[in-house]
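Remember, it's a predicted structure, so these values are computed and weren't measured experimentally. Chain naming here is simple, since letters A, B, ... match the order of the sequence lines and numbering starts at 1 in each.
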Number of protein chains: 2
Amino acid sequence: MNAAYDLISRLRDLDGKLNAREQRVASYVLENFGSVVEATLGEVAAAAEVSEPTVIRFCRTLGCEGFKDFKLRLAQNVAVSLQYLENSNVEARGAAPTLDRVLGGIYAAANAARGQVDGGMLDRAVGALRAARQLVFIGLGGGSSMVAFEAANRFFRLGLSATAVNDGYLQRMRAAALEKGDVLFAISASGEARDVVSSVEIANQYGATTLCLTRPDSTLARLAELPILIELPEDQDIFKPTASRIVHLAIIDTLATCVAELRPEETRERLRRIRASLAAVHGRTGPQPIGD
Amino acid sequence: MNAAYDLISRLRDLDGKLNAREQRVASYVLENFGSVVEATLGEVAAAAEVSEPTVIRFCRTLGCEGFKDFKLRLAQNVAVSLQYLENSNVEARGAAPTLDRVLGGIYAAANAARGQVDGGMLDRAVGALRAARQLVFIGLGGGSSMVAFEAANRFFRLGLSATAVNDGYLQRMRAAALEKGDVLFAISASGEARDVVSSVEIANQYGATTLCLTRPDSTLARLAELPILIELPEDQDIFKPTASRIVHLAIIDTLATCVAELRPEETRERLRRIRASLAAVHGRTGPQPIGD
DNA sequence: CGGGTATATGTAGCCTAACTACATCAACTC
DNA sequence: GAGTTGATGTAGTTAGGCTACATATACCCG
């Protein structure tokens, strides 16, 4: 998508497939993002125990113009995660560094998503959503269930008939009641949640359009008609909730925004009505978030 | 918090208070982040119509070591927003640039939050949460209600007695049933949602500990005992859902992580049990997100 | 098995860009 | 109105990135 953003993933892709000496550089860089950003060509060459031109060649292999360009892109690439990850080394626990870890995880997941999502995948989903007679979002297990509800919450504001269901039995029942023109949108971090998978199969049988937001190579990914697939980086930090939910919300927001922009007049009117309905509850009227 | 992150705000702070020629440089930089990152000292000097040393002095005024250091920091500072904002200029609508807008909004909100949240605020909240006999999260209006449920979902995993309530009447009732040692955690984007505010007042009366996550200078902020306050940047993009929900989720994740780390053994055991309970539903067992 | 070619890597030198020291100029003070 | 301080530019130095070329290694084909 964006050249600058691909650097690290390209680095990871090429890792192992490079010339011997360039590989040394790659390994060194992968383990020392942070310092490489501030190092000179000579320093990197010395640290990786190769000659300077080898480092330059390595940069060019990655598609950069030279070492300078490489450093700039690397800086931009790791800027965010770097900040957070470096801080997390400091064993100064407490809440503030933990916030950094959480945000760092979100950034990492968001960047990963950004690299994988291709426009077509989302555009097809948008096409199906805007044309839907009714929209049913399903998810299970807290995280995905929450995303499903939030999705319904997003889309009803646009004047669409949207509901979320997080009861496994009810999901199957709702799926069975769908027909052509209806959309079933399944959300699952694992892509294996049994009730969700079955519901998609059922909806397929009855001719509904099935979308999903999940991992590649999962059962759900194979069954849905218009899958949105994102492989998110594993998170080692077992005490920290995964960032996948957040990325899923971002995707939902993206889809909702696209649909809203395709029908601006209707959307504007709905938002006006919703805002008016709330003015009574708290006096505020400005351009605030609608709905608290 | 982190030096690198302050560059642009420092620039904005100093804007107008600089020497005549350095001001020229500042103005130029503020309007050309994007190209400055790739420009040389000479190019910036020429573009701002000043001499090269003036540019260097300008960099030092901002607290950088020199032009190189300045450029690096600027690159890191604007890396994210730049990527996203630049893309949004391109009128190539479609879903991919919209994803960039959504992520850009999240980044902007997250950075804003990061600058405002001080450790003490969070640490006090963590202290109250870990000691709670029971935890009740309340929120209204879709977004905040979702965050409340997700919070309960996060904390029950740690072995705490956590519930979420998004029914305004029920919120008051729950609040009235609380006592000393219990925690009421109110979540509100506006800080004015009537039922939520009242519930906090009621809980205060009965001696429960009241926390909140909301805007500064709001009614809720004034009433809660341990407020977590974040002023989030207004979002002009009316069709795009606000990023405030996401930041609120990040704060909740942070609190949950801190509490989890304060009681590691108990948490580990709960997570093991929860994982085991799900193994039956989908065969996966690895270090995946727990609960789909 | 050996010569030739292609690819990988290093050496030495060049050139640009960042920085420094110094000079000049303007403004403000007493 | 002269002195002093601070702002700005000029010229020169240095270091770091890059190129051209040389050497070494591996691979292929007869």
Q.
Between P on C/dA8 and CD on A/Gln23, what's the gap in Å once rounded to a whole number?
A. 13 Å
Q.
Taking the basic N atoms (NZ, or NE/NH1/NH2) and the acidic carboxylate oxygens, is any pair closer than 4.0 Å for B/Asp69 and B/Arg60?
A. no
Q: Identify whether the distance between the nearest side-chain nitrogen and carboxylate oxygen of B/Glu38 and B/Lys71 falls below 4.0 Å.
A: no
Q: Before giving the answer on side chain to side chain contact (heavy atoms under 4.5 Å, CB included), spell out for A/Leu229 and A/Asp217 the whole-Å C-alpha distance, their side-chain angles and the decisive distance to 0.1 Å.
A: CA-CA 9 Å; A/Leu229 304 177; A/Asp217 300 320; over 6 Å; no
**Q.** A/Asn19 side-chain N/O to C/dT9 phosphate OP1/OP2 under 4.0 Å
**A.** yes
Q.
Less than 4.0 angstrom between a side-chain N/O of B/Thr40 and OP1 or OP2 of C/dT16, yes or no?
A. no
Q. Are B/Glu49 and B/Arg24 close enough for a salt bridge, meaning some N to O gap below 4.0 Å?
A. yes
Q. What are the bounds, 5' to 3', of the part of DNA chain D that sits under 4.0 Å from heavy atoms of chain B?
A. D/dA7 to D/dG16
Q: Measure from CD on A/Glu22 to C1' on C/dT9 and round the result to the nearest Å.
A: 10 Å
Q: For A/Glu52 and C/dG10, give me the distance from atom CD to atom C1', rounded to whole Å.
A: 11 Å
Q: Determine, using ring centers only, whether B/Phe67 and B/Phe58 are less than 6.0 Å apart.
A: no
Q: Taking atom types as modelled, find out whether A/Thr219 and A/Glu192 have a side-chain donor-acceptor pair closer than 3.5 angstrom.
A: yes
Q | Side-chain H-bond candidate by donor/acceptor type, A/Gln23 with A/Ser27, under 3.5 Å | A | yes
Q. Judged by modelled atom types alone, do B/Ser51 and B/Thr54 share a side-chain donor-acceptor pair under 3.5 Å?
A. yes
Extract from the structure each pairing of a protein N or O with an N or O of nucleotides 20-25 of chain C at less than 3.5 Å, listing the distance.
unit_1	atom_1	unit_2	atom_2	d
C/dT20	OP2	B/Arg60	NH1	3.3
C/dT20	OP2	B/Arg60	NH2	2.8

